[in-house]
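Have a look at the structure below, then the notes.
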Amino acid sequence: MTTTDVLTPTARNAAVAAAGGARAVTTGVSTAFGTFGELLQGVLPEENGDFLVTLPVARWAMARFEPDPATDVLQVWPPHKKKALALTSMIMEDAGLPAGGLLKIHSTLPEGKGLASSSADLVATARAVANALDEAMPPRRIETYLARIEPTDGVLYSSIVAFHHRTVRLRAVLGSLPSMAVVSADEGGAVDTVAFNSIPKPFTAADKREYARLLDRITGAIARRDLAEVGRVATASARMNQVLRHKWSLDGMADICREVGGLGVVVGHSGTTLGILLDTASPDCPAQLAAAAQACQELVGNVTVYRTLSFD
């Protein structure tokens, strides 16, 4: 055993470099959570005003990267995760290392549904590759990489955030909420995020002013932990999004929400999913959840229950 075998990655890399050798690498693993659509998404009355407010949920993508300095062949599994492969290559190039190795991604987030599956893949990948190379990977550096790849949700922050997804930059950290249940229905099909975000948004100046008011409302609601107001804003955003990505079941889901006493309806603005928000702290929640799931199954089918993340 050499002295570098028992050092931390940082110390080991320094020791190897001092000896005139190549930087040591190791296997890196990391995760990133997804979101259930967005509490709010629209355009503000300002330059590059496209924004969203995240709703983190307890579903994750996990990335594992095994560098191989002996080769310049970079592989990813599953093979269709080409964006994560491109991101890995970028980071390896910036680190001055041969882009060789194997990236494996496992995710519990369905693709093309508006649940930030691609964003979670990429954030988990950036962190896993950085861990393998002992590279610092703060959120702003991740944003810089992702801006070169695709519009991105704000899943790199452990908080509910307002995020400019098209320009990939944080607007504001809004805080945390008590955990909620989301009774979700999926209208089917899949949406390509890049293609969707290239569509011109038909929002008027009045619409943009209304989005600014909704952002102020939800910012205050999160600060007060006011779940009822959060639900009202989410429902308003879902309705305003109908001109851009129509969901045929939205009115029916809103009716179910009222019937069971839910907080509001939340949607994947660029996806195929809708959900009814329920307060898990309410003693009525189990009965509400069962009634909502049954009604959603009859209306749409493909029912799944998610739990939102609380970062307290």
Are the side chains of [X] and [Y] in touch, meaning some heavy atoms are under 4.5 Å apart?
X: Leu85; Y: Leu103; answer: no
X: Pro110; Y: Leu115; answer: yes
X: Asn48; Y: Arg169; answer: yes
X: Ser107; Y: Trp60; answer: no
X: Val123; Y: Leu146; answer: yes
X: Lys104; Y: Met62; answer: no
X: Val182; Y: Arg307; answer: no

To the nearest 0.5 Å, what is the distance between [atom1] ([X]) and [atom2] ([Y])?
X: Thr26; Y: Phe65; atom1: OG1; atom2: CZ; result: 11.5 Å
X: Met240; Y: Thr235; atom1: CE; atom2: OG1; result: 13.5 Å
X: His269; Y: Leu244; atom1: NE2; atom2: CG; result: 9.5 Å
X: Glu229; Y: Arg224; atom1: CD; atom2: CZ; result: 6.0 Å
X: Leu263; Y: Leu227; atom1: CG; atom2: CG; result: 5.5 Å
X: Asp207; Y: Leu214; atom1: CG; atom2: CG; result: 10.5 Å

Report task. Determine whether the aromatic ring centres of Phe163 and Phe51 lie less than 6.0 Å apart. Result ->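 Ring centroids of Phe163 and Phe51 are no less than 6.0 Å from each other.
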Kindly say whether [Y] contributes a backbone atom to a donor-acceptor pair with the side chain of [X] at under 3.5 angstrom?
X: Thr308; Y: Met180; result: yes
X: Ser282; Y: Asp284; result: yes
X: Arg127; Y: Leu156; result: yes
X: Thr54; Y: Val161; result: yes
X: Arg59; Y: Thr108; result: yes
X: Ser119; Y: Asp153; result: yes
X: Arg141; Y: Ala136; result: yes
X: Ser179; Y: Leu309; result: no

Report task. Applying side chain to side chain contact (heavy atoms under 4.5 Å, CB included), run through His164 and Asp50 and close with a yes or a no. Result -> CA-CA 6 Å; His164 291 287; Asp50 295 82; 5.7 Å; no
Query raised in the report: Per the side-chain hydrogen bond (donor to acceptor under 3.5 Å, both in side chains) rule, which among Asp186, Thr304, Asn302 passes with Lys113?
Result: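 Single pass found, and it is Asp186.
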Minimum heavy-atom distance between [X] and [Y], given as atom pair plus value:
X: Ser176; Y: Ser310; answer: OG-OG, 3.4 Å
X: Ala63; Y: Ala128; answer: O-CB, 3.5 Å
X: Ala221; Y: Val230; answer: CB-CG2, 3.9 Å
X: Ala147; Y: Thr167; answer: CB-O, 4.4 Å
X: Gly112; Y: Ser117; answer: N-OG, 4.1 Å
X: Ala124; Y: Ala61; answer: CB-O, 3.7 Å

Report task. Can you label the angle between the Phe311 ring and the Phe33 ring as parallel, tilted or perpendicular, going by 30° and 60°? Result ->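 If you compare the ring of Phe311 with that of Phe33, the planes turn out tilted.
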**Report entry** Residues Ser118, Asp121; criterion side-chain hydrogen bond (donor to acceptor under 3.5 Å, both in side chains); working and verdict
**Finding:** CA-CA 5 Å; Ser118 181; Asp121 285 351; 5.5 Å; no
Query raised in the report: Going only through I, L, V, M, F, W and Y residues with side-chain contacts under 4.5 Å, is there a path from Leu74 to Val29?
Result: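 No; tracing contacts between hydrophobic side chains, which count when under 4.5 Å, never links both residues.
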Query - Verify same cluster id: Val243, Tyr211 (apolar side-chain graph, 4.5 Å) - result: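 Yes: a chain of side-chain contacts under 4.5 Å links Val243 to Tyr211.
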Requested in this report: May I ask you to say whether Glu46 pairs ionically with Lys208, meaning some side-chain N is under 4.0 Å from a carboxylate O?
Outcome: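 No salt bridge links Glu46 with Lys208.
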Query raised in the report: Should Lys247 and Glu187 count as an ion pair when the cut-off is N to O under 4.0 Å?
Result: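 No salt bridge links Lys247 with Glu187.
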Query - Residues that, via side-chain heavy atoms closer than 4.5 angstrom, fall in one hydrophobic cluster with Val267 - result: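 So far as hydrophobic clustering goes, Val267 is joined with Val183, Trp248, Leu250, Met253, Ile256, Val260, Val265, Leu274, Ile276, Leu278, Leu289, Leu299, Val300, Val303, Val305.
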Query raised in the report: Transitive ILVMFWY cluster of Leu102 at side-chain heavy atoms under 4.5 Å: who else is in it?
Result: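 Besides Leu102, the cluster holds no residue at all.
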Query raised in the report: So Leu122 and Ile149, side chain to side chain contact (heavy atoms under 4.5 Å, CB included) or not? Walk me through it.
Result: CA-CA 9 Å; Leu122 293 174; Ile149 297 175; 4.2 Å; yes
Let me check something: any side-chain donor-acceptor pairs from residues 87-100 under 3.5 Å, sequence neighbours excluded? List them with distances.
unit_1, atom_1, unit_2, atom_2, d
Thr88, OG1, Ala84, O, 2.9
Asp94, OD2, Tyr145, OH, 2.7

**Report entry** side-chain contact (heavy atoms from CB on, under 4.5 Å) partner of Ile218, the single match among Leu40, Asp226, Ile160
**Finding:**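 That would be Leu40; it is the only one of Leu40, Asp226, Ile160 passing the side-chain contact (heavy atoms from CB on, under 4.5 Å) with Ile218.
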Query - Test side chain to side chain contact (heavy atoms under 4.5 Å, CB included) applied to Thr152 and Glu143, step by step - result: CA-CA 8 Å; Thr152 303; Glu143 289 172 349; over 6 Å; no
Report task. Take Lys81 and Glu111 through the salt bridge (Lys or Arg N to Asp or Glu O under 4.0 Å) test and state the conclusion after the steps. Result -> CA-CA 11 Å; Lys81 302 285 188 178; Glu111 297 179 4; 2.7 Å; yes
Query raised in the report: Is there a side chain to side chain contact (heavy atoms under 4.5 Å, CB included) between Asp216 and Arg213 once you walk through the steps?
Result: CA-CA 5 Å; Asp216 286 343; Arg213 287 189 287 268; 5.6 Å; no
